[in-house]
> 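One structure coming up, written as structure tokens, with questions to follow.
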Amino acid sequence: MARVFSGIQPSGELHIGNYLGAVQNWVRLQTQHDCLFSIVDLHAITQPYDAATLASLTLDMAVSLYAVGLDPEQCIVFVQSHVAEHTDLNWLLTSVTPLGELERQTQFKDKAQRQESVPAGLLAYPILQAADVLLYKASLVPVGEDQVQHLELMREIARRWNARHGTGYFPEPQPLLTKTRRVLGLDGKAKMSKSLGNTIGLFESPEAIWEKLRPAATDPARKTRKDPGTPEICNIFTVHEGFSPPDTVTEVAHNCRTAGWGCLDCKRVLADNMIATLAPMRERANALRREPATVLERLRAGAGRARALARKTMAEVRDRMGFLKAGED
Ligand code: SF4
């Protein structure tokens, strides 16, 4: 089975954008591949963050991942900082990473522009991403459009390291292009993001889901109930595709184009389908929140399995790079 690696930042509870854009796909992938999924807390500190909440947000993300269906029997879920080999390999890879490539990364340029003082970690972020994947010799990485450039750099780092220290040692990771849905925020404009306050949390109550969905942006051409709409340009339709059965999606599209339904009718159908899909996940999340020790134990076991793979790679990497072996304790 091909090995897959993917990571998610510890932003606390998942929202429907994270779910439809990535994590729903992970739940499928765990049955098809040898998967490692990491809560990448070391990446989170490259942006301004609150040290007082990092641990609880990390734990909340773990609860979310288990609640949506990541199964420790089928995949490895772990916290990135619990496996020190990530930072270890990160440093070794800096020796083969061209500075110019880092400076050319679009995400770096965008994020650096918004900060008065730019931490070096923001520039080096793609090297740590490369270390995350290469440490496990993963050959497939599920990527969104915004990560394609980082994946290309990861492949370049693997090529350069291999050229210097061992042809073919690291596989050049390939993008795993599976169908995911890019959902906009409830404003219908910006990316769905907690910091923009335009999200629906995955485990919100049925009442809260409806309260947020009711005023959400739709096709702006539907100014009155009688105006026909274009489902393809409506964010609500995209969310329907993620939560409603295919025949309902067809019905939505027809009733939108013919003005058979108003947008509120359409959203009510969506709310019912979302609530039905999310209810068992919310129950699992509530149960896990009552048992943080169970969640920590699962993460500890996940980190142990990841560490065993990582240590093997690091021993081989150090050897190939010519470091003197440490004596036995
Ligand atoms: Fe969007 Fe549904 Fe309204 Fe059509 S009917 S514009 S799909 S909310």
Side-chain angles (χ1 to χ4, degrees), residues 8 11-29 64 67-69 142-148 177-285:
I8 190 163
S11 54
E13 181 183 313
L14 286 168
H15 57 65
I16 60 168
N18 308 131
Y19 178 66
L20 297 179
V23 178
Q24 188 185 38
N25 190 33
W26 292 5
V27 176
R28 271 195 300 270
L29 290 175
S64 289
V68 298
V143 282
E145 294 155 20
D146 54 347
Q147 292 294 317
V148 170
L177 299 166
T178 35
K179 194 167 162 53
T180 54
R181 288 185 179 79
R182 196 169 163 78
V183 179
L184 293 175
L186 297 175
D187 51 11
K189 292 179 188 145
K191 185 177 168 185
M192 188 171 273
S193 154
K194 246 188 205 172
S195 58
L196 297 175
N198 61 5
T199 65
I200 296 180
L202 219 50
F203 311 130
E204 295 204 42
S205 68
E207 297 75 25
I209 290 175
W210 178 240
E211 278 307 300
K212 289 187 173 177
L213 207 51
R214 199 161 43 93
T218 63
D219 174 3
R222 290 205 75 181
K223 292 194 173 27
T224 72
R225 169 75 173 70
K226 288 181 189 152
D227 295 327
T230 309
E232 291 77 14
I233 61 165
C234 176
N235 193 41
I236 296 296
F237 185 69
T238 311
V239 183
H240 258 297
E241 290 179 309
F243 286 103
S244 297
D247 51 348
T248 305
V249 173
T250 307
E251 200 183 354
V252 170
H254 173 75
N255 281 309
C256 178
R257 286 199 184 92
T258 58
W261 287 353
C263 288
L264 265 188
D265 304 323
C266 179
K267 288 172 177 175
R268 190 64 253 179
V269 173
L270 173 59
D272 290 345
N273 287 328
M274 281 177 70
I275 290 163
T277 306
L278 299 178
M281 298 183 195
R282 191 173 60 250
E283 275 171 31
R284 284 198 292 270

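Ligands are counted one by one from 1 in listed order, and the atoms in each one are counted from 1 as well.
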> Looking only at protein heavy atoms, identify the closest one to atom 2 (Fe) of ligand 1 and say how far it is in Å.
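That would be C266 SG, 2.4 Å.
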> Can you pull out the closest protein heavy atom to atom 1 (Fe) of ligand 1? Residue, atom name and distance to 0.1 Å, please.
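Here the closest protein heavy atom is C234 SG, 2.4 Å.
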> For ligand 1, which part of C263 has a heavy atom less than 4.0 Å away: the side chain, the backbone, both, or neither?
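For C263, backbone and side-chain atoms both sit under 4.0 Å from ligand 1.
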> Between K194 (side chain) and G201 (backbone), is there a donor-acceptor pair under 3.5 Å?
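No.
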> What residue and atom, counting heavy atoms only, is the protein's closest point to atom 4 (Fe) of ligand 1, and at what distance?
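Looking at atom 4 (Fe) of ligand 1, the protein heavy atom closest to it is C256 SG, 2.3 Å.
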> Quick one: closest heavy-atom pair of V249 and S244, and the distance?
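That would be CG2-O, 3.7 Å.
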> Distance to 0.1 Å, residue and atom name: give those for the protein heavy atom nearest to atom 8 (S) of ligand 1.
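Going by distance alone, atom 8 (S) of ligand 1 is nearest to T218 CG2, 3.5 Å.
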> Applying a heavy-atom cut-off of 4.0 Å, say which part of D219 lies close to ligand 1: side chain, backbone, both or neither.
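Near ligand 1, D219 shows its backbone as well as its side chain.
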> Taking only heavy atoms of I236, which atoms of ligand 1 are found under 4.0 Å from at least one of them?
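That gives atoms 8 (S) of ligand 1.
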> Looking only at heavy atoms, what is the nearest atom pair of P231 and F237, with distance?
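Heavy atoms of P231 and F237 come nearest at O-CB, 3.2 Å.
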> Assess whether a salt bridge exists between D265 and R225, defined as any Lys/Arg side-chain N lying under 4.0 Å from an Asp/Glu carboxylate O.
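Yes, this pair counts.
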> Between ligand 1 and G229, can you find any atom pair, the residue atom being a heavy atom, that is separated by under 4.0 Å?
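The answer is no: ligand 1 sits nowhere under 4.0 Å from a heavy atom of G229.
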> Step by step, work out the salt bridge (Lys or Arg N to Asp or Glu O under 4.0 Å) result for E232 and R257.
CA-CA 10 Å; E232 291 77 14; R257 286 199 184 92; 2.3 Å; yes
> Is T224 reaching over with its side chain to a backbone N or O of K226, donor-acceptor style, under 3.5 angstrom?
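Confirmed, T224 side chain pairs with K226 backbone.
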> What do you reckon, does K267 put a non-hydrogen atom under 4.0 Å from ligand 1?
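For ligand 1, residue contact (heavy atoms, under 4.0 Å) with K267 is absent.
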> Can you tell me the protein heavy atom closest to atom 5 (S) of ligand 1 and the distance?
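For this ligand atom, the closest protein heavy atom is R222 NH1, 3.1 Å.
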> Short question: side chain of N235, backbone of L186 - any donor-acceptor pair under 3.5 Å?
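Flag not set: sc N235 to bb L186 has no pair under 3.5 Å.
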